[in-house]
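Just so you know, residue 1 is the first one in the sequence shown, and it goes up from there.
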Amino acid sequence: IHRAPAPAAQAPRFAMGKALEADNASFQERGMFEYHLYELSERTTIDNAEIKQLSLFSPVTAKIQKLFIYDGAKNSKDVAVNVEFVNSEKDGLGLALPAGKVRVYKRDTDNALELVGEDAIDHTPKNEKVRLVLGNAFDLVGERRVTDTRSISSHMNEQKVEISLRNRKDQPVTITAVEHFWGDWDITQKSADFVKKDAYTAEFTVTVPPNGVKVVSYTAVNKF
């Protein structure tokens, strides 16, 4: 699973004498100038050498989407597991979320909560999208190969790429393959549709059958 790195400035310099504890006290959020303040609604007591955890807001139910992302330039084999949600009131949130670590748990067959990953988020106002990286999928594998490259002119070359996405699950899975480019580029041939996310990124989203393989191939021309 993915673990969020702890900021160096917040690393403890000595061992704490007591375990992390929860508290029922809550915070009230309010705007101040161009910022958000979180005020503790009542008093709380912290014992010597104690770390106490306070709830920033009450539990809510929010709509999330699980995404499988393969980025061969960043990791040649692993398919990352992401969850994405919109911090909106209609989706269950709509809160001013301060920067910090977010842990995601899933209830197991014995009803116990198991940590499935964590990530760090930036300050996130309401109605903005949040994406968390939770780890890598055990049963999904990606492989990216450059099958051919040639020079068309002194300022242009052509490259053929093949992406193999393997699904070892018993159900179909949708995977997004992310490709990065530089300079002026154009995809002249493709085996699957893609979305141009920005000037340097294309995304191919395909469904891989159960215990099957989906191959995405394309030819791109780069001008430099």
Side-chain angles (χ1 to χ4, degrees), residues 1-69 71 74-75 78-137 176 178 195 197-198 200-201 203:
I1 65 174
H2 183 260
R3 302 302 296 263
Q10 297 180 8
R13 297 186 179 182
F14 54 90
M16 303 305 293
K18 301 181 74 172
L20 189 71
E21 295 186 5
D23 195 289
N24 292 325
S26 61
F27 287 84
Q28 298 294 325
E29 178 269 330
R30 64 180 176 87
M32 196 283 291
F33 189 54
E34 294 300 320
Y35 314 115
H36 287 266
L37 297 181
Y38 301 85
E39 294 182 340
L40 192 58
S41 58
E42 56 190 83
R43 290 177 178 271
T44 189
T45 300
I46 302 177
D47 293 336
N48 184 44
E50 177 190 32
I51 297 176
K52 179 174 286 187
Q53 179 174 304
L54 306 176
S55 297
L56 190 60
F57 49 82
S58 301
V60 297
T61 300
K63 296 179 181 179
I64 67 167
Q65 182 181 11
K66 182 163 62 174
L67 305 172
F68 295 106
I69 308 294
D71 191 334
K74 294 181 178 179
N75 194 308
D78 292 330
V79 176
V81 183
N82 292 236
V83 293
E84 188 176 85
F85 61 89
V86 178
N87 182 24
S88 65
E89 187 173 352
K90 71 179 183 66
D91 289 326
L93 288 168
L95 307 170
L97 299 177
K101 187 183 295 184
V102 179
R103 292 189 177 95
V104 178
Y105 295 85
K106 183 176 176 62
R107 200 171 294 280
D108 205 350
T109 53
D110 61 357
N111 212 35
L113 288 175
E114 301 289 349
L115 178 68
V116 296
E118 65 182 22
D119 204 357
I121 65 169
D122 199 355
H123 297 299
T124 306
K126 64 180 181 180
N127 298 323
E128 290 295 320
K129 187 177 292 185
V130 177
R131 179 179 289 190
L132 306 174
V133 179
L134 299 187
N136 296 318
T176 297
V178 180
V195 174
K197 299 297 291 185
D198 54 44
Y200 308 103
T201 312
E203 292 185 354

Can I get a per-line list of side-chain donor-acceptor pairs under 3.5 Å for residues 60-68, giving both atom names and the distance, sequence neighbours left out?
none

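Atom NZ of K101 sits in a crowded spot, with more than 12 heavy atoms from other residues, nucleotides or ligands closer than 6.0 Å.
Of all the heavy atoms in D91 and S88, the pair that sits closest is OD2-OG, 3.0 Å.
Proximity of a side-chain donor or acceptor of D119 to a complementary backbone N or O of L134 within less than 3.5 Å is not detected. Under a 3.5 Å cut-off, the side chain of D47 and the backbone N or O of E50 do not form any donor-acceptor pair. A donor-acceptor contact shorter than 3.5 Å links the side chain of N87 to the backbone of P125.
Among residue pairs with one or both ends in residues 121-137, those qualifying as side-chain hydrogen bond (donor to acceptor under 3.5 Å, both in side chains) are D78-N136, E84-R131; sequence neighbours excluded. For the ring-ring contact (aromatic ring centres under 6.0 Å, His included) condition, the pairs that include at least one residue of residues 28-54, sequence neighbours left out, are F33-Y35. The side-chain hydrogen bond (donor to acceptor under 3.5 Å, both in side chains) pairs that include a residue from residues 103-113 are R103-E118, where partners are two or more places apart or lie in different chains.
The distance from the OG1 atom of T176 to the CG atom of D71 is 11.0 Å, given to the nearest 0.5 Å.
The side-chain contact (heavy atoms from CB on, under 4.5 Å) test with V83 singles out one residue from V130, V116, L132, and that residue is L132.
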